[in-house]
Amino acid sequence: MIFKWLRRGLLGLVVLVLGYQLWIFAHVWWWVDHNPANSAFMEERLNRLQENNSDAALRHKWVPYSQISGNLKRALVAAEDAHFLSHDGFDWEGIQLAAEKNLKKGKIVAGGSTISQQLAKNLFLSGSRTPWRKLEEALITVMIEQMMSKRRILEIYMNVIEWGNGVFGANAAAHYYYRVSQASLSASQAAKLAAMVPNPRFYDTHRNARGLLRRAAIIQSRMAQAAVPR
């Protein structure tokens, strides 16, 4: 009898897992040509903001790829994923380098995640680092890469990533930090925004941190070599 219930429990778990994967697949398929209204990260952040203020709202407005500054596109690729156009969702060389750096430092200081992996995490997952989340992130990354063009991946990424406390997407970031449109960001402004991506809420309140300015200068120096989708 106990083995019968175990089999049923295992079957139920398999059905739940497959159902969840199909739910994700359907969303990725829909977002190939429809814009996501929000993301898992956006919902999580809004809930936390509303714990202190029930009227809190996110700063976010979708803008199409063609209206976003070329400077910001190149800055993000230079900063986050130099091999964006050539890899299949995973930068194996970058992962190896990150692992070596982490081993040398004795702690996690680099992740090696591609823009596609970051998009998978932002759209569907939480900020926790667990083996299950990394496996799910990998599965979603494969879906995204197989179903979306690189242009579409970068377009969604630039519209949903966090850029400050309740600030999401290129449009909100450009207005929030520089009071300009996302189309008119200069090279230096774009480089600084790209430098903020790994820790946006911290840099929101430490906008002239030495490490941020140093990283922005490095990114700006690499932008001319960054290849982005047309």
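One is the number of the first residue; the rest follow in order along the sequence.
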Whether Arg45 side chain and Asn165 backbone form a donor-acceptor pair below 3.5 Å: no
| request: State yes or no: do Leu213 and Met223 share one hydrophobic cluster built from I, L, V, M, F, W and Y residues joined by side-chain heavy-atom distances below 4.5 Å, directly or via other members? | output: no
For Leu46 and Ala56 the tightest heavy-atom approach is CD1-O, 3.5 Å
_Within the 4.5 Å heavy-atom criterion, are Lys192 and Gln220 side-chain neighbours or not?_
no
Shortest non-hydrogen pair, Ala227 vs Val77, comes out as O-CG1, 3.8 Å
Flag the pair Tyr178 / Ser186 as yes when at least one side-chain heavy-atom distance between them is below 4.5 Å, and no otherwise.
no
Run the side-chain contact (heavy atoms from CB on, under 4.5 Å) check on Ser66 and Glu155 step by step: do they pass?
CA-CA 9 Å; Ser66 60; Glu155 179 180 36; over 6 Å; no
By side chain to side chain contact (heavy atoms under 4.5 Å, CB included), Ala194 pairs with (sequence neighbours left out) Ala75, Leu76, Ala79, Ile219
Sequence neighbours excluded, the answer for side-chain hydrogen bond (donor to acceptor under 3.5 Å, both in side chains) partners of Glu43 is Asn38
Residues at least two apart in sequence or cross-chain that pass salt bridge (Lys or Arg N to Asp or Glu O under 4.0 Å) with Arg201, listed by chain then number, are Glu162
Output for pair (Thr141 OG1, Asp88 CG), nearest 0.5 Å, gives 10.0 Å
Sorted by chain and number, sequence neighbours left out, salt bridge (Lys or Arg N to Asp or Glu O under 4.0 Å) with Arg48 holds for Glu44
Mind checking whether Val228 and Tyr65 have side chains closer than 4.5 Å, heavy atoms only? yes
Distance col, row Ser116:OG vs Ile140:CD1, nearest 0.5 angstrom, shows 12.5 Å
Interatomic distance, CG@Leu193 vs CE@Met158, rounded to 0.5 Å, equals 12.0 Å
Check: Judged by atom type as modelled, is there a donor-acceptor pair below 3.5 Å linking the side chain of Asp91 to the main-chain atoms of Thr114?
Finding: no
Apart from Leu16 itself, members of its ILVMFWY cluster (side-chain separation under 4.5 Å) are none
For Arg207, the salt bridge (Lys or Arg N to Asp or Glu O under 4.0 Å) test, sequence neighbours excluded, returns Asp204
Heavy atoms of Gly164 and Tyr177 approach each other most closely as CA-OH, 3.5 Å
Report yes if some heavy atom in the side chain of Tyr157 is under 4.5 Å from a heavy atom in the side chain of Leu154; otherwise report no. yes
Exercise for review: Kindly indicate whether the side chain of Lys121, heavy atoms from C-beta on, has any atom under 4.5 Å from the side chain of Phe41.
Suggested key: yes
Practice prompt. Check whether any side-chain heavy atom of Leu125 lies under 4.5 Å from a side-chain heavy atom of Glu137, and answer yes or no.
Written response: yes
The side chain to side chain contact (heavy atoms under 4.5 Å, CB included) partners of Thr205 (sequence neighbours excluded) come to none
CD (Gln146) with more than 12 external heavy atoms under 6.0 Å
no
Ser221 meets the side-chain hydrogen bond (donor to acceptor under 3.5 Å, both in side chains) criterion, sequence neighbours left out, with none
- Message: For residues Phe84 and Ile218: do they belong to one hydrophobic cluster (side chain heavy atoms under 4.5 Å, members Ile, Leu, Val, Met, Phe, Trp, Tyr)?
- Response: no
Could you please spell out the steps behind the side-chain contact (heavy atoms from CB on, under 4.5 Å) verdict for Phe168 and Ile161? CA-CA 6 Å; Phe168 286 84; Ile161 57 172; over 6 Å; no
Note: Asn71 and Leu185 closest approach over all heavy atoms is ND2-O, 3.0 Å
*Between Ile156 and Trp62, is any pair of side-chain heavy atoms under 4.5 Å apart?*
yes
Across all chains, not counting sequence neighbours, the side-chain hydrogen bond (donor to acceptor under 3.5 Å, both in side chains) partners of Glu136 are Gln21
Heavy atoms of Leu212 and His206 approach each other most closely as CD2-O, 3.9 Å
Can you give each donor-acceptor pair under 3.5 Å made by side-chain atoms of residues 23-37, sequence neighbours left out, with the distance rounded to 0.1 Å?
from  : atom 1 : to     : atom 2 : distance (Å)
His27 : ND1    : Trp23  : O      : 2.8
His34 : ND1    : Trp30  : O      : 3.1
Asn35 : OD1    : Arg152 : NH1    : 3.0
Asn35 : OD1    : Arg152 : NH2    : 3.0

Those residues at least two apart in sequence (or on a different chain) that pass side-chain hydrogen bond (donor to acceptor under 3.5 Å, both in side chains) with Ser184 are Ser181
message = Between Val142 and Phe90, is there a side-chain heavy-atom distance shorter than 4.5 Å?
response = yes
So salt bridge (charged side-chain N to carboxylate O under 4.0 Å, His left out) across residues 58-81, not counting sequence neighbours, yields Glu80-Arg215
When rounded to the nearest 0.5 Å, the distance separating CG of Leu85 from CD1 of Ile153 is 10.0 Å
